[in-house]
Amino acid sequence: MAGPALAGFLTGLSLILAIGAQNAFVLRQGLIGRHVFWLCLLCAMSDAVLIALGVAGFGAVAALYPALPRIMALAGAAFLLVYGALRLRAAWQGGGAQMVAEGGRGLKGTLLVGLALTWLNPHVYLDTLALIGAVSTGFAEGAPRLAFGAGAVVSSFVFFFSLGFGARLLSPIMSRPGAWRIIDAGIGLVMWALAAGLLRGALAG
């Protein structure tokens, strides 16, 4: 099950690496050292719930509508191609560095902001319910698909806790626009690689 788990880990990590408001907020809290553990746990657990729904629910729906996986794969590939192009453009232009506005918050306020940035973000549903759900259908039902989902969940925990608690160590590097150029370029290339995989599966099926 190492193969499906690794595929799930890399898929989840590639999608979650996209620089956005949620990640910028976690990074910001890590830099100032406030409520980092609880915020990271909230974000990772939210992802875990959505990924589980995507892997389990999407497979059940796909059984009723056999053409749905191909449709979702094509739609997902189109999205990944466009998003990858945007990341590569950001890398070229150097516009990836983002930070949320500074401001002190208690634990409750921090978690409420984290919830809003997670559950009110339409992209999170596309990433977890649609894209990860669609990619999961490439693995056989049962242990392989569960391993894929588990790998994707682990990637969320690894990413958020690494980002939150590693922020202070990375702050001298992350403050340089050149670092964000490299990150954006890497994200763009991985997104295109995922899109190619989805297209191959959809066209071969």
Side-chain angles (χ1 to χ4, degrees), residues 1-20 22-23 26 37-81 83-84 114-115 117-165 186-187 189-205:
M1 296 300 102
L6 180 60
F9 183 88
L10 293 176
T11 300
L13 191 62
S14 298
L15 292 172
I16 203 173
L17 271 174
I19 303 166
Q22 182 194 47
N23 294 350
V26 173
F37 173 82
W38 295 110
L39 177 61
C40 292
L41 182 63
L42 172 72
C43 293
M45 288 298 296
S46 296
D47 267 10
V49 171
L50 291 167
I51 289 169
L53 290 174
V55 173
F58 191 89
V61 174
L64 297 176
Y65 303 96
L68 187 58
R70 175 177 290 186
I71 295 172
M72 291 301 300
L74 292 173
F79 170 80
L80 290 173
L81 286 171
Y83 195 83
L115 282 171
L117 292 176
T118 300
W119 293 90
L120 298 181
N121 180 6
H123 291 293
V124 74
Y125 298 101
L126 180 61
D127 289 348
T128 53
L129 296 179
L131 289 176
I132 291 181
V135 176
S136 73
T137 60
F139 299 89
E141 291 188 19
R145 193 171 296 178
L146 288 175
F148 175 87
V153 168
V154 170
S155 73
S156 289
F157 277 86
V158 170
F159 174 79
F160 282 117
F161 279 92
S162 297
L163 179 64
F165 286 99
I187 292 170
L189 293 175
V190 170
M191 291 293 182
W192 278 6
L194 287 171
L198 285 176
L199 286 173
R200 281 197 301 268
L203 297 176

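Predicted, not measured: the structure shown is a model, and the values here were computed from it.
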Peer 1: Rounded to the nearest 0.5 Å, what separation is found between the OG atom of Ser156 and the CZ atom of Phe9?
Peer 2: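 It comes to 9.5 Å.
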Peer 1: Identify the heavy atoms of Cys43 and Val26 that sit nearest to each other, and give their distance.
Peer 2: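 Looking at all heavy atoms of both residues, the shortest contact is SG-CG2, 4.0 Å.
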Peer 1: Given side-chain contact (heavy atoms from CB on, under 4.5 Å), test Asp47 with Val153 step by step and report yes or no.
Peer 2: CA-CA 7 Å; Asp47 267 10; Val153 168; over 6 Å; no
Peer 1: For the side chain of Ser155 and the backbone of Ala152, is there at least one donor-acceptor N/O pair under 3.5 Å apart?
Peer 2: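 Looks like yes, one N/O pair under 3.5 Å.
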Peer 1: Give me the atom names and distance for the closest heavy-atom approach of Ser46 to Trp119.
Peer 2: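 Here Ser46 and Trp119 meet closest at OG-NE1, 3.1 Å.
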Peer 1: Return the CD1 to CD1 distance between Ile132 and Ile51, rounded to the nearest 0.5 Å.
Peer 2: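 Rounded to the nearest 0.5 Å, the CD1-CD1 separation comes to 4.0 Å.
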Peer 1: Nearest 0.5 Å, what's the OG1-CG distance between Thr118 and Leu50?
Peer 2: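 So the OG1 of Thr118 and the CG of Leu50 are separated by 8.5 Å.
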Peer 1: To the nearest 0.5 Å, how far apart are CG in Leu131 and OG in Ser14?
Peer 2: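 These two atoms lie 11.5 Å from each other.
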Peer 1: Quick one, Leu41 and Trp38 - any side-chain contact, counting heavy atoms below 4.5 Å?
Peer 2: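 A side-chain contact under 4.5 Å exists here.
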Peer 1: Taking the ring centre of each residue, are Phe37 and Phe161 less than 6.0 Å apart?
Peer 2: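 Here the rings of Phe161 and Phe37 have centres that are less than 6.0 Å from each other.
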Peer 1: Quick check against the 3.5 Å criterion: does Asn23 have a side-chain atom that pairs as donor or acceptor with the backbone of Ile16?
Peer 2: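 Checking the backbone N and O of Ile16 against the side chain of Asn23, a donor-acceptor pair under 3.5 Å is found.
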Peer 1: Working to the nearest 0.5 angstrom, can you tell me the gap between Leu163 CG and Phe159 CZ?
Peer 2: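 That separation rounds to 4.5 Å.
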Peer 1: Enter the distance from Phe165:CZ to Cys40:SG here, rounded to the nearest 0.5 Å.
Peer 2: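 Between Phe165 CZ and Cys40 SG, I get 5.5 Å after rounding to 0.5 Å.
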Peer 1: Measure the shortest side-chain to side-chain distance between Phe160 and Leu39 over non-hydrogen atoms and say whether it is less than 4.5 angstrom.
Peer 2: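 Contact flag for Phe160/Leu39 side chains = no.
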